[in-house]
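In this text the structure is predicted, and so the values were computed from the model without any measurement.
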Amino acid sequence: MNTLYTIGHSTHPTDHLLHLLAMHEITAVADVRSSPYSRHNPQFNRETLQKSLRGAGLEYVFLGRELGARSEDPACCADGKLRFERLARTELFRTGLARLRRGMESYRVALLCAEKDPTACHRMLLVCRNIRQEGLTIEHILEDGSLEDNAHAERRLMQSLGMQENNLFAAPEELIERAYDLQGRKIAYEEKKDE
């Protein structure tokens, strides 16, 4: 397969998430949440979600350790905040991408995280950013079931940041990379400071 899907569980009931996955014939979910638990949405706690997915005939793999937006490696942080570009250079992250690629050879995979909007989530800003140049088609499953291709999501991201697509002084790819950097820094995990 050379299409990678992504989806955010948001606050949906489990049945809605399963419906969205079925709409796009997803056969495996790669959970990229660093901490796959929620007080507000317990239906998406790791074990509960895994059971629901398996009951619907879908495979589940937890890749939050490898591809999650948090790291135990202090070298991935600066000024108490995680830096996606540093995390992306770690061996653990590269191992996670390799596992994802292998899984895509046999399954129709959707990366799962919590955020409904991919432009506000590390699944796009970290994972998709670092796999997008490999000839893959990346499709984000939106809450209404429609698909948004990654290039459209990138344009939407740039617009939300007030960036113009056409710039006399920067190539389009350079602008997209800047947008990824800016948004990545906005949403990156920040260590809690002791008060």
Side-chain angles (χ1 to χ4, degrees), residues 1 3-74 76-77 82 84 87-88 90-131 136 138-148 184 187-192:
M1 302 261 166
T3 301
L4 175 64
Y5 296 85
T6 85
I7 192 166
H9 66 64
S10 189
T11 58
H12 302 308
T14 305
D15 288 347
H16 184 66
L17 178 72
L18 294 174
H19 171 72
L20 294 174
L21 295 169
M23 276 179 72
H24 299 288
E25 301 174 353
I26 302 303
T27 59
V29 170
D31 189 345
V32 295
R33 298 173 296 164
S34 294
S35 180
Y37 298 95
S38 170
R39 280 190 304 259
H40 304 292
N41 295 291
Q43 70 273 27
F44 298 122
N45 287 349
R46 181 178 175 177
E47 294 78 12
T48 306
L49 176 63
Q50 183 175 15
K51 185 176 178 183
S52 297
L53 291 170
R54 293 239 164 105
L58 284 82
E59 293 297 323
Y60 171 91
V61 62
F62 177 68
L63 290 178
R65 184 171 166 267
E66 297 91 340
L67 300 178
R70 295 187 187 181
S71 175
E72 295 174 8
D73 183 350
C76 292
C77 292
L82 185 86
F84 286 168
L87 182 57
T90 65
E91 186 61 34
L92 187 61
F93 184 81
R94 287 193 299 272
T95 299
L97 289 183
R99 282 187 70 191
L100 179 60
R101 285 185 213 98
R102 280 194 309 275
M104 290 176 62
E105 291 172 8
S106 304
Y107 296 94
R108 195 169 168 106
V109 177
L111 296 179
L112 175 116
C113 202
E115 296 292 331
K116 69 178 175 180
D117 183 353
T119 68
C121 184
H122 88 282
R123 71 181 185 272
M124 176 182 163
L125 301 171
L126 174 63
V127 182
C128 292
R129 178 185 188 176
N130 286 284
I131 203 168
L136 292 177
I138 299 172
E139 298 280 359
H140 303 287
I141 302 170
L142 304 180
E143 66 180 332
D144 65 358
S146 64
L147 293 175
E148 179 180 37
I187 70 156
Y189 176 73
E190 194 166 356
E191 294 174 347
K192 305 275 189 262

With side-chain contact (heavy atoms from CB on, under 4.5 Å) as the criterion, how do Ile131 and Leu100 come out once you've worked through the C-alpha distance, each side chain's angles and the decisive distance to 0.1 Å? CA-CA 10 Å; Ile131 203 168; Leu100 179 60; 4.0 Å; yes
Drop me the distance from [X]'s [atom1] to [Y]'s [atom2], to the nearest 0.5 angstrom.
X	Y	atom1	atom2	answer
Arg70	Glu72	CZ	CD	11.0 Å
His16	Leu21	NE2	CG	10.0 Å
Leu82	His122	CG	NE2	9.5 Å
Arg46	Asp31	CZ	CG	7.5 Å
Lys51	Thr48	NZ	OG1	8.0 Å
Asp15	Ser52	CG	OG	8.5 Å

Shortest non-hydrogen contact from [X] toward [Y]:
X	Y	value
Arg99	Phe62	NH1-O, 4.3 Å
Gly184	Leu125	N-CD1, 4.2 Å
Tyr189	Ala69	CB-O, 3.9 Å
Asp73	Ser71	N-OG, 3.0 Å
Ala88	Leu126	CB-CD1, 4.1 Å
Leu97	Asn130	CD1-O, 3.8 Å

Between [X] and [Y] (side chain of the first, backbone of the second, donor and acceptor by atom type, cut-off under 3.5 Å), is there such a pair?
X	Y	result
His24	Gly145	yes
Ser106	Gly103	no
Asp117	Thr119	yes

What pairs with [X] under side-chain hydrogen bond (donor to acceptor under 3.5 Å, both in side chains), at least two apart in sequence or on another chain?
X	answer
Glu91	Arg94
Arg123	Thr6
Arg65	none

Can you confirm whether [X] sits close enough to [Y] that some side-chain heavy atom of one is under 4.5 Å from a side-chain heavy atom of the other?
X	Y	answer
Leu136	Met104	yes
Cys121	Ile187	no
Glu148	Pro118	yes
Ile26	Leu20	no
Leu92	Leu87	no
His140	Met124	yes
Thr90	Cys76	yes

Passes side-chain hydrogen bond (donor to acceptor under 3.5 Å, both in side chains), Tyr60 versus Glu47? Steps please. CA-CA 10 Å; Tyr60 171 91; Glu47 294 78 12; over 6 Å; no
Decide whether Tyr5 and Arg108 meet the rule of one side-chain donor and one side-chain acceptor closer than 3.5 Å.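 Yes, side-chain donor-acceptor contact under 3.5 Å.
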Tell me, with the steps shown, if Arg54 and Glu59 meet side-chain contact (heavy atoms from CB on, under 4.5 Å). CA-CA 6 Å; Arg54 293 239 164 105; Glu59 293 297 323; 3.9 Å; yes
Would you please test Thr3 and Ile138 for side-chain contact (heavy atoms from CB on, under 4.5 Å) and show each step? CA-CA 6 Å; Thr3 301; Ile138 299 172; over 6 Å; no
Name the orientation class of the two ring planes belonging to His9 and Phe44 (parallel below 30°, tilted from 30 to 60°, perpendicular beyond 60°).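 Judged by the thresholds at 30° and 60°, the geometry between His9 and Phe44 is parallel.
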Is there a side-chain contact (heavy atoms from CB on, under 4.5 Å) between Leu142 and Leu147? Walk through the geometry before answering. CA-CA 6 Å; Leu142 304 180; Leu147 293 175; over 6 Å; no
